[in-house]
Amino acid sequence: MPARWYTQPLSRRVGAWIGLPPAAFRECVMSRINRRQFVQTGAAVAVAAAAPKSVFGQAPTVMTPKSVKPLVVASANGNRFKNGGTQTAVEKAFAMITSGADVLDAVIAGVNIVELDPLDTSVGFGGLPNADGVVQLDSCCMHGPKKRAGGVAEIEGVKTPSLVGKAVADLTDHHLIVGQGAQEFARNLGFEVVPDLNTDTSRKAWLEWKRRTDPLHYLTPADRALEVKKISLAVMREFGFDPAHYYGTINCDGLSPKGEICGVTTTSGLAWKIPGRTGDSPILGAGLYLDNEVGAAGSTGRGEANLYNLCSYLIVENMRRGMHPKDAGLDALKRIQSNTIEKRLLNDRGLPNFSINFYILNAKGEHAGVGMYAATYAVCTENGAQTLPVEPLLQGRADQ
Ligand code: GLY
(Lines give C-alpha, C1' and ligand atoms only; values in the text may rest on other atoms or scores of the structure.)
Protein backbone atom coordinates (compact mmCIF):
# COMPACT_ATOMS: atom_id res chain seq x y z
CA MET A 1 0.00 0.00 0.00
CA PRO A 2 1.48 3.40 -0.89
CA ALA A 3 2.59 5.63 2.00
CA ARG A 4 0.02 8.23 3.05
CA TRP A 5 0.67 11.47 1.21
CA TYR A 6 1.25 13.53 4.32
CA THR A 7 4.00 11.21 5.55
CA GLN A 8 5.91 11.67 2.33
CA PRO A 9 8.66 14.28 1.92
CA LEU A 10 7.50 17.68 0.74
CA SER A 11 9.49 17.33 -2.48
CA ARG A 12 7.40 14.26 -3.32
CA ARG A 13 4.12 15.98 -2.41
CA VAL A 14 4.84 19.25 -4.21
CA GLY A 15 6.30 17.30 -7.11
CA ALA A 16 3.09 15.32 -7.33
CA TRP A 17 0.96 18.47 -7.28
CA ILE A 18 2.83 19.95 -10.19
CA GLY A 19 3.34 16.77 -12.10
CA LEU A 20 7.10 16.39 -11.54
CA PRO A 21 8.76 13.27 -10.09
CA PRO A 22 10.24 14.07 -6.64
CA ALA A 23 13.83 13.82 -7.85
CA ALA A 24 13.14 16.21 -10.70
CA PHE A 25 11.39 18.65 -8.37
CA ARG A 26 14.28 18.54 -5.88
CA GLU A 27 16.76 19.00 -8.71
CA CYS A 28 14.76 21.96 -9.95
CA VAL A 29 14.82 23.61 -6.51
CA MET A 30 18.39 22.75 -5.66
CA SER A 31 19.72 23.96 -8.98
CA ARG A 32 18.51 27.39 -7.90
CA ILE A 33 19.54 27.14 -4.28
CA ASN A 34 23.16 26.23 -3.78
CA ARG A 35 23.14 25.95 0.00
CA ARG A 36 26.73 27.00 0.54
CA GLN A 37 26.49 29.94 -1.80
CA PHE A 38 23.19 30.92 -0.20
CA VAL A 39 24.65 31.13 3.28
CA GLN A 40 27.99 32.62 2.36
CA THR A 41 26.70 35.42 0.24
CA GLY A 42 23.34 35.97 1.85
CA ALA A 43 22.20 36.54 -1.68
CA ALA A 44 18.52 36.88 -2.36
CA VAL A 45 18.16 33.53 -3.99
CA ALA A 46 14.72 33.73 -5.47
CA VAL A 47 13.19 30.54 -4.21
CA ALA A 48 10.15 31.54 -6.17
CA ALA A 49 12.14 31.26 -9.32
CA ALA A 50 12.61 27.60 -8.54
CA ALA A 51 8.92 27.00 -9.07
CA PRO A 52 7.94 26.03 -12.57
CA LYS A 53 5.71 28.78 -13.96
CA SER A 54 2.85 26.36 -14.23
CA VAL A 55 2.62 25.57 -10.51
CA PHE A 56 -0.47 27.65 -9.86
CA GLY A 57 -0.52 29.51 -13.11
CA GLN A 58 1.55 32.66 -13.22
CA ALA A 59 -0.33 35.34 -11.31
CA PRO A 60 -0.68 38.24 -13.72
CA THR A 61 1.53 41.24 -13.20
CA VAL A 62 -0.71 44.27 -13.28
CA MET A 63 0.43 46.49 -16.13
CA THR A 64 -0.06 49.92 -14.68
CA PRO A 65 0.37 52.83 -17.05
CA LYS A 66 1.65 55.07 -14.27
CA SER A 67 5.22 56.11 -13.84
CA VAL A 68 6.42 57.08 -10.37
CA LYS A 69 9.74 57.75 -8.73
CA PRO A 70 11.06 54.54 -7.17
CA LEU A 71 11.22 54.47 -3.42
CA VAL A 72 12.14 52.16 -0.55
CA VAL A 73 11.16 52.72 3.09
CA ALA A 74 12.21 50.63 6.07
CA SER A 75 12.72 50.61 9.79
CA ALA A 76 15.91 52.39 10.85
CA ASN A 77 17.99 49.18 10.89
CA GLY A 78 17.37 49.10 7.13
CA ASN A 79 19.91 51.88 6.77
CA ARG A 80 22.36 50.70 9.39
CA PHE A 81 23.53 47.10 9.06
CA LYS A 82 25.66 45.92 6.10
CA ASN A 83 26.80 42.44 7.23
CA GLY A 84 30.35 43.29 6.23
CA GLY A 85 29.30 44.43 2.75
CA THR A 86 28.92 47.84 1.21
CA GLN A 87 25.15 48.32 1.08
CA THR A 88 22.39 48.69 3.63
CA ALA A 89 19.02 47.02 3.10
CA VAL A 90 17.37 50.08 1.57
CA GLU A 91 20.35 50.73 -0.71
CA LYS A 92 20.34 47.14 -1.93
CA ALA A 93 16.58 47.10 -2.50
CA PHE A 94 16.64 50.45 -4.30
CA ALA A 95 19.53 49.41 -6.56
CA MET A 96 17.74 46.20 -7.52
CA ILE A 97 14.41 47.97 -8.14
CA THR A 98 16.03 50.55 -10.39
CA SER A 99 17.84 47.75 -12.26
CA GLY A 100 14.47 46.20 -13.07
CA ALA A 101 14.38 43.39 -10.49
CA ASP A 102 11.10 42.18 -9.10
CA VAL A 103 10.23 44.51 -6.20
CA LEU A 104 9.66 41.65 -3.75
CA ASP A 105 12.99 40.05 -4.66
CA ALA A 106 14.57 43.47 -4.10
CA VAL A 107 13.14 44.19 -0.64
CA ILE A 108 13.85 40.62 0.47
CA ALA A 109 17.46 40.89 -0.75
CA GLY A 110 17.62 44.04 1.36
CA VAL A 111 16.36 42.45 4.55
CA ASN A 112 18.54 39.36 3.95
CA ILE A 113 21.52 41.62 4.74
CA VAL A 114 20.06 42.35 8.18
CA GLU A 115 18.86 38.77 8.75
CA LEU A 116 22.38 37.47 8.14
CA ASP A 117 24.15 40.22 10.12
CA PRO A 118 24.83 38.95 13.67
CA LEU A 119 25.06 42.54 14.90
CA ASP A 120 21.30 43.13 14.59
CA THR A 121 19.96 41.32 17.63
CA SER A 122 16.34 41.65 16.54
CA VAL A 123 16.31 39.79 13.22
CA GLY A 124 17.52 36.46 11.82
CA PHE A 125 20.95 35.08 12.79
CA GLY A 126 21.94 36.53 16.19
CA GLY A 127 18.36 37.60 16.97
CA LEU A 128 17.67 37.34 20.70
CA PRO A 129 16.26 33.92 21.62
CA ASN A 130 13.12 32.93 23.50
CA ALA A 131 13.00 32.24 27.25
CA ASP A 132 14.44 28.75 26.63
CA GLY A 133 17.40 30.16 24.70
CA VAL A 134 16.08 29.10 21.27
CA VAL A 135 15.93 31.64 18.42
CA GLN A 136 12.49 31.51 16.78
CA LEU A 137 11.86 33.74 13.75
CA ASP A 138 8.75 35.22 12.12
CA SER A 139 8.33 36.78 8.69
CA CYS A 140 5.80 37.55 6.00
CA CYS A 141 5.84 39.18 2.61
CA MET A 142 3.32 40.50 0.09
CA HIS A 143 3.58 40.95 -3.66
CA GLY A 144 1.31 43.80 -4.77
CA PRO A 145 0.99 43.09 -8.50
CA LYS A 146 0.64 39.33 -8.05
CA LYS A 147 -1.67 39.69 -5.04
CA ARG A 148 0.20 36.88 -3.32
CA ALA A 149 1.53 36.62 0.22
CA GLY A 150 3.31 34.11 2.42
CA GLY A 151 4.76 33.83 5.88
CA VAL A 152 6.37 31.66 8.51
CA ALA A 153 6.21 31.86 12.29
CA GLU A 154 8.45 30.49 15.02
CA ILE A 155 10.77 28.87 12.51
CA GLU A 156 14.05 27.67 14.03
CA GLY A 157 17.47 27.15 12.43
CA VAL A 158 16.94 29.08 9.17
CA LYS A 159 18.77 32.40 8.93
CA THR A 160 16.53 33.95 6.28
CA PRO A 161 12.87 33.37 7.22
CA SER A 162 11.86 36.04 4.68
CA LEU A 163 12.88 33.71 1.85
CA VAL A 164 10.96 30.83 3.40
CA GLY A 165 7.89 33.08 3.63
CA LYS A 166 8.30 33.91 -0.05
CA ALA A 167 8.51 30.19 -0.85
CA VAL A 168 5.22 29.69 1.03
CA ALA A 169 3.66 32.32 -1.25
CA ASP A 170 5.21 30.95 -4.42
CA LEU A 171 5.00 27.21 -3.91
CA THR A 172 1.91 26.54 -1.80
CA ASP A 173 -1.74 27.40 -1.57
CA HIS A 174 -1.25 28.66 2.00
CA HIS A 175 -0.25 31.85 3.69
CA LEU A 176 1.34 30.84 6.97
CA ILE A 177 3.37 27.80 8.04
CA VAL A 178 4.60 27.64 11.63
CA GLY A 179 7.12 25.93 13.90
CA GLN A 180 8.41 22.48 13.03
CA GLY A 181 6.32 22.41 9.87
CA ALA A 182 7.97 25.59 8.63
CA GLN A 183 11.42 24.19 9.33
CA GLU A 184 10.62 20.94 7.49
CA PHE A 185 9.20 22.93 4.58
CA ALA A 186 12.44 24.93 4.39
CA ARG A 187 14.64 21.85 4.75
CA ASN A 188 12.80 20.12 1.92
CA LEU A 189 13.39 23.11 -0.32
CA GLY A 190 17.12 23.01 0.35
CA PHE A 191 17.48 25.81 2.88
CA GLU A 192 20.30 25.23 5.30
CA VAL A 193 18.99 24.39 8.78
CA VAL A 194 21.57 25.08 11.49
CA PRO A 195 21.35 23.77 15.06
CA ASP A 196 21.50 27.20 16.73
CA LEU A 197 21.03 30.78 15.51
CA ASN A 198 22.53 32.28 18.69
CA THR A 199 25.82 34.11 18.64
CA ASP A 200 28.18 33.89 21.63
CA THR A 201 26.91 37.28 22.79
CA SER A 202 23.21 36.49 22.44
CA ARG A 203 23.72 33.24 24.35
CA LYS A 204 25.59 35.03 27.16
CA ALA A 205 22.90 37.71 27.36
CA TRP A 206 20.19 35.03 27.55
CA LEU A 207 22.03 33.23 30.38
CA GLU A 208 22.29 36.51 32.30
CA TRP A 209 18.61 37.27 31.67
CA LYS A 210 17.66 33.79 32.90
CA ARG A 211 19.80 34.11 36.02
CA ARG A 212 18.15 37.40 36.94
CA THR A 213 14.56 36.54 36.10
CA ASP A 214 14.23 33.02 37.53
CA PRO A 215 13.36 34.13 41.11
CA LEU A 216 10.54 36.22 39.63
CA HIS A 217 8.46 33.12 39.00
CA TYR A 218 7.11 33.63 42.52
CA LEU A 219 5.63 37.10 41.85
CA THR A 220 2.06 37.76 40.70
CA PRO A 221 1.79 37.59 36.88
CA ALA A 222 1.32 41.40 36.57
CA ASP A 223 4.29 42.20 38.81
CA ARG A 224 6.35 39.58 37.05
CA ALA A 225 5.66 41.11 33.62
CA LEU A 226 6.79 44.53 34.84
CA GLU A 227 9.92 43.16 36.54
CA VAL A 228 10.83 41.02 33.53
CA LYS A 229 10.57 44.04 31.23
CA LYS A 230 12.80 46.12 33.56
CA ILE A 231 15.40 43.34 33.74
CA SER A 232 15.19 42.67 30.01
CA LEU A 233 15.88 46.30 29.13
CA ALA A 234 18.71 46.47 31.69
CA VAL A 235 20.37 43.33 30.26
CA MET A 236 19.99 44.72 26.73
CA ARG A 237 21.69 47.97 27.72
CA GLU A 238 24.49 46.15 29.57
CA PHE A 239 25.21 43.98 26.52
CA GLY A 240 25.22 47.02 24.25
CA PHE A 241 22.01 46.02 22.44
CA ASP A 242 19.66 48.72 21.20
CA PRO A 243 16.74 48.77 23.71
CA ALA A 244 14.50 49.79 20.79
CA HIS A 245 15.09 46.24 19.57
CA TYR A 246 13.32 44.67 22.57
CA TYR A 247 10.53 44.03 20.07
CA GLY A 248 12.99 44.51 17.20
CA THR A 249 12.18 43.76 13.61
CA ILE A 250 12.87 44.99 10.10
CA ASN A 251 10.14 46.03 7.71
CA CYS A 252 11.05 47.08 4.16
CA ASP A 253 8.64 48.22 1.43
CA GLY A 254 9.43 49.15 -2.16
CA LEU A 255 7.78 50.98 -5.05
CA SER A 256 9.05 50.55 -8.60
CA PRO A 257 8.91 53.13 -11.42
CA LYS A 258 6.02 51.09 -12.86
CA GLY A 259 4.05 51.49 -9.65
CA GLU A 260 4.62 47.96 -8.36
CA ILE A 261 4.53 47.73 -4.56
CA CYS A 262 5.90 44.86 -2.46
CA GLY A 263 6.91 44.51 1.19
CA VAL A 264 8.48 42.21 3.74
CA THR A 265 8.74 42.10 7.53
CA THR A 266 11.10 39.78 9.40
CA THR A 267 12.02 39.43 13.07
CA SER A 268 13.21 37.33 15.96
CA GLY A 269 10.30 38.83 17.88
CA LEU A 270 10.19 39.92 21.49
CA ALA A 271 13.47 39.24 23.27
CA TRP A 272 13.25 36.22 25.63
CA LYS A 273 9.60 35.60 24.79
CA ILE A 274 7.58 32.60 25.96
CA PRO A 275 8.51 29.84 23.48
CA GLY A 276 6.00 29.83 20.65
CA ARG A 277 4.91 33.44 21.23
CA THR A 278 4.19 34.95 17.84
CA GLY A 279 3.90 38.69 17.37
CA ASP A 280 2.56 40.87 14.60
CA SER A 281 5.37 40.42 12.06
CA PRO A 282 4.12 37.30 10.20
CA ILE A 283 0.46 38.32 10.35
CA LEU A 284 -1.02 40.03 7.30
CA GLY A 285 -2.76 43.25 8.24
CA ALA A 286 -0.61 43.61 11.36
CA GLY A 287 3.14 43.41 10.66
CA LEU A 288 2.61 44.13 6.97
CA TYR A 289 -0.15 44.97 4.55
CA LEU A 290 -0.25 46.47 1.10
CA ASP A 291 -2.45 47.04 -1.89
CA ASN A 292 -0.76 47.73 -5.19
CA GLU A 293 -3.23 50.48 -6.06
CA VAL A 294 -2.96 52.19 -2.65
CA GLY A 295 0.29 51.68 -0.76
CA ALA A 296 2.09 49.68 1.91
CA ALA A 297 2.54 49.76 5.67
CA GLY A 298 4.67 47.67 8.01
CA SER A 299 5.62 47.82 11.64
CA THR A 300 8.19 47.37 14.35
CA GLY A 301 7.58 47.53 18.08
CA ARG A 302 5.12 45.91 20.49
CA GLY A 303 3.43 43.30 18.33
CA GLU A 304 0.54 42.67 20.72
CA ALA A 305 -0.55 46.33 20.50
CA ASN A 306 -0.54 46.10 16.73
CA LEU A 307 -2.37 42.76 16.62
CA TYR A 308 -5.27 44.09 18.69
CA ASN A 309 -5.76 46.84 16.12
CA LEU A 310 -4.45 45.37 12.81
CA CYS A 311 -2.81 48.69 12.09
CA SER A 312 -1.05 47.97 8.80
CA TYR A 313 -4.44 47.11 7.32
CA LEU A 314 -5.98 50.17 8.96
CA ILE A 315 -3.25 52.42 7.54
CA VAL A 316 -3.66 51.10 3.99
CA GLU A 317 -7.44 51.51 4.24
CA ASN A 318 -6.95 55.05 5.58
CA MET A 319 -4.80 55.83 2.53
CA ARG A 320 -7.43 54.27 0.27
CA ARG A 321 -9.82 56.89 1.65
CA GLY A 322 -7.37 59.60 0.64
CA MET A 323 -5.27 60.14 3.75
CA HIS A 324 -1.58 61.02 3.41
CA PRO A 325 0.73 58.27 4.74
CA LYS A 326 1.60 60.39 7.79
CA ASP A 327 -2.03 61.04 8.76
CA ALA A 328 -2.99 57.44 8.02
CA GLY A 329 -0.24 56.24 10.38
CA LEU A 330 -0.95 58.73 13.16
CA ASP A 331 -4.61 57.69 13.08
CA ALA A 332 -3.57 54.07 13.66
CA LEU A 333 -1.33 55.10 16.56
CA LYS A 334 -4.26 56.99 18.12
CA ARG A 335 -6.30 53.78 17.87
CA ILE A 336 -3.55 51.89 19.69
CA GLN A 337 -3.34 54.58 22.36
CA SER A 338 -7.09 54.58 22.98
CA ASN A 339 -7.15 50.78 23.24
CA THR A 340 -4.25 50.72 25.71
CA ILE A 341 -5.98 50.85 29.09
CA GLU A 342 -4.23 48.29 31.28
CA LYS A 343 -2.15 49.90 34.00
CA ARG A 344 0.84 47.62 33.31
CA LEU A 345 1.01 49.07 29.78
CA LEU A 346 0.90 52.72 30.89
CA ASN A 347 3.71 54.97 32.12
CA ASP A 348 3.53 57.49 34.96
CA ARG A 349 1.82 59.97 32.62
CA GLY A 350 -0.89 57.43 31.78
CA LEU A 351 0.47 57.00 28.24
CA PRO A 352 1.53 53.76 26.48
CA ASN A 353 4.84 52.58 27.95
CA PHE A 354 6.00 50.85 24.75
CA SER A 355 7.28 51.86 21.38
CA ILE A 356 5.63 51.01 18.09
CA ASN A 357 6.44 52.45 14.66
CA PHE A 358 4.97 52.20 11.17
CA TYR A 359 6.76 52.64 7.82
CA ILE A 360 4.44 53.73 5.08
CA LEU A 361 4.46 54.55 1.38
CA ASN A 362 1.66 55.23 -1.05
CA ALA A 363 1.28 54.54 -4.77
CA LYS A 364 2.14 58.16 -5.58
CA GLY A 365 5.56 57.79 -3.98
CA GLU A 366 4.79 59.72 -0.77
CA HIS A 367 6.11 58.22 2.43
CA ALA A 368 6.17 58.58 6.20
CA GLY A 369 7.51 56.98 9.32
CA VAL A 370 5.31 57.41 12.39
CA GLY A 371 5.86 56.30 15.96
CA MET A 372 4.18 56.36 19.34
CA TYR A 373 7.34 58.23 20.44
CA ALA A 374 10.36 59.75 18.67
CA ALA A 375 12.36 57.29 16.58
CA THR A 376 13.92 57.09 13.13
CA TYR A 377 13.24 55.29 9.86
CA ALA A 378 15.12 54.59 6.64
CA VAL A 379 14.33 55.85 3.15
CA CYS A 380 16.10 55.40 -0.17
CA THR A 381 15.28 57.50 -3.24
CA GLU A 382 17.20 58.70 -6.27
CA ASN A 383 18.96 61.05 -3.81
CA GLY A 384 20.39 58.13 -1.84
CA ALA A 385 19.70 56.53 1.53
CA GLN A 386 18.70 58.60 4.53
CA THR A 387 17.73 57.99 8.13
CA LEU A 388 14.92 60.38 9.02
CA PRO A 389 12.94 61.14 12.18
CA VAL A 390 9.50 59.56 12.41
CA GLU A 391 6.49 61.73 13.18
CA PRO A 392 5.77 60.95 16.85
CA LEU A 393 2.22 60.82 18.19
CA LEU A 394 3.37 61.54 21.74
CA GLN A 395 6.14 63.67 23.19
CA GLY A 396 8.66 62.45 25.74
CA ARG A 397 9.70 58.87 26.29
CA ALA A 398 7.77 55.63 26.58
CA ASP A 399 9.26 54.86 29.99
CA GLN A 400 8.64 58.24 31.63
N1 GLY B 1 6.98 43.54 16.25
C2 GLY B 1 7.68 42.39 16.54
C3 GLY B 1 7.07 41.56 17.58
O4 GLY B 1 6.34 42.05 18.42
O5 GLY B 1 7.33 40.37 17.58
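Order of listing sets the numbers, starting from 1, for every ligand and every atom in it.
K210 pairs by the salt bridge (charged side-chain N to carboxylate O under 4.0 Å, His left out) definition with nothing, not counting sequence neighbours.
Atom-to-atom distance recorded for F191:CZ and E184:CD is 13.5 Å, nearest 0.5 angstrom.
V134 shares a hydrophobic cluster with no other residue; no ILVMFWY side chain has heavy atoms under 4.5 Å from its own.
Residue pairs meeting the salt bridge (charged side-chain N to carboxylate O under 4.0 Å, His left out) criterion with at least one partner in residues 344-363, sequence neighbours excluded, are E342-R344.
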task: Report the C-alpha separation of I261 and V103 in whole Å, then their side-chain angles, then the decisive distance to 0.1 Å, and conclude whether the side-chain contact (heavy atoms from CB on, under 4.5 Å) test is met.
output: CA-CA 7 Å; I261 298 173; V103 181; over 6 Å; no
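Closer than 4.0 angstrom to ligand 1 by heavy atom are Y247, T249, G269, L270, R277, G279, D280, S281, G301, G303, sorted by chain and number.
In this structure, the side chains of P70 and P257 come closer than 4.5 Å at one or more pairs of heavy atoms.
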